[in-house]
Amino acid sequence: QVQLVESGGGLVQAGGSLRLSCAASGRTFSSYAMGWFRQAPGKEREFVAAVTRSGGSTYYADSVKGRFTISRDNAKNTVYLHMNSLKPEDTAVYYCAGTLGYTDYSKHVRYDYWGQGTQVTVSS
């Protein structure tokens with residue numbers, strides 16, 4: 001079992017930046033590939049970014065590529081999402097998730113553990 005707690009959300013103006021953090025406790029953090037997803041009101045949960053166990057490979061949704069960066073620090077049991085050039089359409093609840101799988105990181109059904117989410121609101 002692993003517990004995930006997100007932090008760092010908030011209200012920011014369009015064009016601004018935020019850094020989300022997800023702290024993990026429980027089983028060995030480095031055993032999990034980690035992902036970030038988001039869900040806006042009335043919409044389905046969508047993939048944002050993922051990082052492999054070592055941090056050596058990262059994956060992004062087209063909508064955030066070039067603006068968001070996912071990273072992890074296995075010594076601190078933490079995964080980060082650096083968000084730059086934020087747009088109003090980035091407004092959502094952001095969730096971190098962990099998977100023991102090795103494929104299909106963009107599919108939320110592949111993830112075994114989820115955090116409670118943190119709200120990100122981007123004003124125009």
Side-chain angles (χ1 to χ4, degrees):
Q1 190 82 4
V2 65
Q3 291 78 43
L4 302 173
V5 179
E6 304 95 336
S7 62
L11 174 64
V12 64
Q13 288 188 334
S17 299
L18 281 175
R19 186 185 77 165
L20 304 184
S21 300
C22 174
S25 61
R27 293 183 61 181
T28 306
F29 178 66
S30 59
S31 299
Y32 294 84
M34 298 298 296
W36 285 95
F37 289 77
R38 67 187 182 186
Q39 188 165 19
K43 295 188 177 181
E44 294 187 353
R45 191 168 297 191
E46 66 171 353
F47 171 72
V48 175
V51 60
T52 53
R53 287 156 178 77
S54 67
S57 294
T58 55
Y59 307 87
Y60 297 94
D62 288 343
S63 59
V64 306
K65 204 170 293 183
R67 300 188 298 122
F68 291 11
T69 302
I70 188 171
S71 62
R72 66 189 296 163
D73 185 337
N74 286 343
K76 295 183 178 179
N77 286 5
T78 302
V79 61
Y80 304 98
L81 185 68
H82 301 256
M83 305 185 294
N84 297 319
S85 302
L86 282 160
K87 304 175 181 180
E89 51 263 43
D90 294 318
T91 295
V93 177
Y94 283 71
Y95 300 89
C96 73
T99 176
L100 292 169
Y102 288 84
T103 60
D104 298 333
Y105 293 137
S106 66
K107 293 178 170 56
H108 67 86
V109 295
R110 299 291 294 173
Y111 287 78
D112 306 290
Y113 301 102
W114 291 84
Q116 292 301 304
T118 186
Q119 176 71 46
V120 171
T121 303
V122 184
S123 63
S124 58

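One-based numbering along the sequence shown.
Sorted by first and then second residue, the pairs that involve residues 93-104 and meet side-chain hydrogen bond (donor to acceptor under 3.5 Å, both in side chains), not counting sequence neighbours, are R38-Y94, T103-R110. Residue pairs meeting the disulfide bond (SG atoms under 2.5 Å apart) criterion with at least one partner in residues 89-124, sequence neighbours excluded, are C22-C96. Residues in residues 47-56 take part in no side-chain hydrogen bond (donor to acceptor under 3.5 Å, both in side chains) pair, two or more places apart or across chains.
With a 4.5 Å cut-off on side-chain heavy atoms, Y113 and Y32 count as touching. Between W114 and R45, the closest side-chain pair of non-hydrogen atoms falls below 4.5 Å. Between T91 and Q119, the closest side-chain pair of non-hydrogen atoms falls below 4.5 Å.
Between S17 and S85 the shortest heavy-atom distance is OG-N, 4.4 Å. Considering all non-hydrogen atoms of both residues, S71 and H82 come closest at OG-NE2, 3.8 Å. The heavy-atom pair separating L4 from A24 by the smallest distance is CD2-CB, 3.6 Å. Between P88 and A14, the shortest heavy-atom contact is CD-CB, 4.1 Å. Considering every non-hydrogen atom in both D62 and K65, the closest pair reads OD1-NZ, 3.2 Å. A97 and Y111 get closest at one heavy-atom pair: CB-CD2, 3.4 Å.
In the hydrophobic clustering of this structure, L86 does not group with V93; members are Ile, Leu, Val, Met, Phe, Trp, Tyr whose side-chain heavy atoms approach within less than 4.5 Å, directly or through other members. Using a 4.5 Å cut-off between side-chain heavy atoms of Ile, Leu, Val, Met, Phe, Trp and Tyr, with links allowed through other members, V122 and M83 fall into the same hydrophobic cluster. Y60 and V120 fall within the same hydrophobic cluster, defined by Ile, Leu, Val, Met, Phe, Trp and Tyr side-chain heavy atoms under 4.5 Å apart, directly or through other members.
Here CZ of F68 is found 14.0 Å from OG1 of T58. Values are rounded to the nearest 0.5 Å. Residue T78 holds its OG1 atom at 9.5 Å from CE of M34, rounded to the nearest 0.5 Å. With rounding to the nearest 0.5 Å, the separation of OG in S25 from CG in N77 is 8.0 Å. Rounding to the nearest 0.5 angstrom, the gap separating the OG1 atom in T69 from the CG atom in N84 is 6.5 Å. Distance OG/S124 to NZ/K87: 14.0 Å, rounded to 0.5 Å. Remark: E44 CD to Q39 CD distance equals 8.0 Å, nearest 0.5 Å.
Among the candidates V12, T118, L81, the single residue satisfying the side chain to side chain contact (heavy atoms under 4.5 Å, CB included) test with L18 is V12. Each of V64, V79, V48 was scored for a side chain to side chain contact (heavy atoms under 4.5 Å, CB included) with I70, with one residue passing: V79.
Judged by distance alone, with hydrogens and angles left aside, the side-chain atoms of E6 form a donor-acceptor pair with the main-chain N or O of Q116 at under 3.5 Å.
By the ring pair (Phe, Tyr, Trp, His ring centres under 6.0 Å) test, Y105 pairs with Y59, sequence neighbours left out. Applying the side chain to side chain donor-acceptor pair (under 3.5 Å) test to R67 and every residue at least two apart in sequence or in another chain returns D90. In terms of the ring pair (Phe, Tyr, Trp, His ring centres under 6.0 Å) criterion, residue partners of F47 (sequence neighbours excluded) are, by chain and number, F37.
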